[in-house]
Amino acid sequence: MLQQTTVAAVKPYFLHFLDRWPSVEQLADADPQEVMAAWAGLGYYARARNMLACARTVAAQHQGRFPEGVKALRCLPGIGEYTSAAIAAIAFDEPVAVVDGNVERVVSRLYAIETPLPAAKPRIRDLVQEMTPSERPGDFAQAMMDLGATICTPKRPACAICPLSAPCLARAEGRQEFFPVKAPKRAKPQRRGAAFVAMRQGDGAIWLRRRPESGMLGGMVEPPTTAWSVKADGAIGAESAPFAAGWELAGTASHGFTHFDLTLDVWRAVAPADPQSDGWWATPERLDEEGLPTVMKKVVAVALPGIIFRRRPGRAAP
DNA sequence: CAGACGTGGAA
DNA sequence: TTTCCAAGTCT
């Protein structure tokens, strides 16, 4: 959960998952759709699919216990170079280099590494391996990460209270804020699409469907949307809707993803009882449990301004 | 290797 | 408002 995600964002999800699926075996037996719904809002949904696949592998092939050793850990779904090393060092006392974004920053400053990331990663990993002690390697790893998180911060690092300020080459040159060097990032393209929010006469239920397992928002729930194409002029017409209805334009919903910005035209209609399309009806009370990703909550909010979503699992909106 | 892959909070 | 970025992984 913590991959590319802050502790503050993860905390309520972590607590809910631990409460709902307290063991690897229980997670392995979980309903995948419920797991995806519980992950909704955290982002990077491949992590949820990987975590479930990982639990199944650990339960089926490792008697419900995580294998020891970076190499075996690295073979599990969703467990890459960083996570395998972190588990090995922290849980199994293995003296392996644990390199996350914090450690990259600390070490690139300590040695004033001019090579941009990610090209400098192998060098950084070697340096960290060199300093990793055979005694309490897990504590060393967490100390390095916490140093980066609290003192050797991206902006205005607190060099005055840093235990590594004396040997720090970047600090010696007064260039600490210029490390790590990173490759320039490209501009985000704009994409355009349409979303169709159909409401059932009577109970106000909304028509939903599930997105394909892979790709953007893979396996997540949505009101039907068109493909998200390179930005076109003007609105996308109701002829793109999954079924005929009295579609009216309710507005637009915009959302920034990691690698593109999306604007969706949001269409609204009172729909026939049987839309003759893939999907299901979800009543307003059930919308929270459906687990819509954030962009789709925005879409529903544009179509139905009265709908209020809860912010985090099991917590009431303020 | 470079690009895909979410979201919310801070500056 | 815009930009940055956080305990990365997969293809």
Side-chain angles (χ1 to χ4, degrees), chain A residues 1-14 36 39-54 70 73-91 96-106 115-122 124-125 128 138-150 152-157 177 180 182-189 191 211-222 228 253-262 291-299 309 311-313 315:
Chain A
M1 282 181 172
L2 287 165
Q3 292 166 358
Q4 294 285 284
T5 307
T6 58
V7 170
V10 161
K11 189 176 177 185
Y13 288 85
F14 176 74
M36 297 312 289
W39 197 280
L42 247 196
Y44 283 147
Y45 298 99
R47 293 181 298 174
R49 303 192 297 271
N50 287 336
M51 190 175 74
L52 182 54
C54 181
V70 266
L73 288 162
R74 182 70 178 73
C75 294
L76 295 168
I79 298 190
E81 182 169 344
Y82 158 73
T83 306
S84 58
I87 296 172
I90 295 169
V96 289
V98 178
V99 183
D100 73 335
N102 291 302
V103 177
E104 286 176 353
R105 187 168 55 254
V106 170
T115 307
L117 287 172
K121 275 211 80 172
I124 292 172
R125 195 194 55 72
V128 172
D139 287 347
F140 174 78
Q142 296 192 69
M144 289 289 281
M145 292 190 283
D146 283 342
L147 181 66
T150 62
C152 194
T153 50
K155 292 166 188 170
R156 297 180 56 86
E177 291 204 52
K182 292 188 176 180
K185 51 199 65 154
R186 335 151 75 87
K188 274 197 215 175
R191 290 199 200 179
R211 294 178 60 82
E213 283 302 308
S214 62
M216 275 300 285
L217 308 178
M220 299 304 288
V221 172
E222 66 168 7
W228 308 340
S254 294
H255 190 73
F257 292 107
T258 306
H259 54 298
F260 64 90
D261 289 322
L262 178 67
L292 271 61
T294 298
V295 59
M296 298 306 166
K297 289 185 180 180
K298 289 185 183 178
V299 164
F309 287 101
R311 295 208 152 180
R312 292 193 162 81
R315 305 200 35 176

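The chains referred to below are lettered A, B, ... by the order of the sequence lines, with proteins before strands, and numbering in each begins at 1.
- When all heavy atoms are compared, the tightest approach of A/Pro157 to A/Cys152 is CB-CA, 4.1 Å.
- Contact annotation for A/Pro77: backbone-only contact, meaning every heavy-atom pair under 4.0 Å involves sugar-phosphate atoms and none involves a base.
- Residue contacts shown for A/Met216 are limited to sugar-phosphate atoms, with no base heavy atom under 4.0 Å away.
- The salt bridge (Lys or Arg N to Asp or Glu O under 4.0 Å) check on A/Asp146 picks up nothing, with sequence neighbours excluded.
- Between A/Thr294 and B/dT7 there is a side-chain polar atom (N or O) within less than 4.0 angstrom of OP1 or OP2.
- Using C1' as the reference atom, B/dC1 and C/dT9 are 14 Å apart when rounded to the nearest Å.
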Give each protein N/O atom lying under 3.5 Å from an N/O atom of nucleotides 3-6 of chain C, with the pair distance.
residue: C/dC5; atom: OP2; partner: A/Lys185; partner atom: NZ; Å: 3.4
residue: C/dA6; atom: OP1; partner: A/Arg105; partner atom: NH1; Å: 3.2

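- Remark: A/His259 is in phosphate contact with B/dC5, judged by side-chain N or O atoms under 4.0 Å from OP1 or OP2.
- Scored by the ring-ring contact (aromatic ring centres under 6.0 Å, His included) test, A/Phe257 finds A/Trp228, A/His255, A/Phe260 as partners (sequence neighbours excluded).
- Note on A/Arg156: nothing from the nucleic acid sits closer than 4.0 angstrom, heavy atoms only.
- Annotation: side chain to side chain donor-acceptor pair (under 3.5 Å) contacts of A/Ser254 (sequence neighbours excluded): A/Thr263.
- Using a 4.0 Å heavy-atom criterion, one finds that A/Gly218 contacts no nucleic acid atom at all.
- Distances were taken from every side-chain heavy atom of A/Arg47 (C-beta onward) to each of B/dG6, C/dG8, B/dT7; the shortest belongs to B/dG6.
- Listed by chain and number, the residues in a side chain to side chain donor-acceptor pair (under 3.5 Å) with A/Arg49 amount to none (sequence neighbours excluded).
- In this structure, A/Gln142 reaches neither bases nor backbone, as no heavy-atom distance under 4.0 Å exists between it and the strands shown.
- A/Thr83 pairs by the side chain to side chain donor-acceptor pair (under 3.5 Å) definition with A/Gln3, not counting sequence neighbours.
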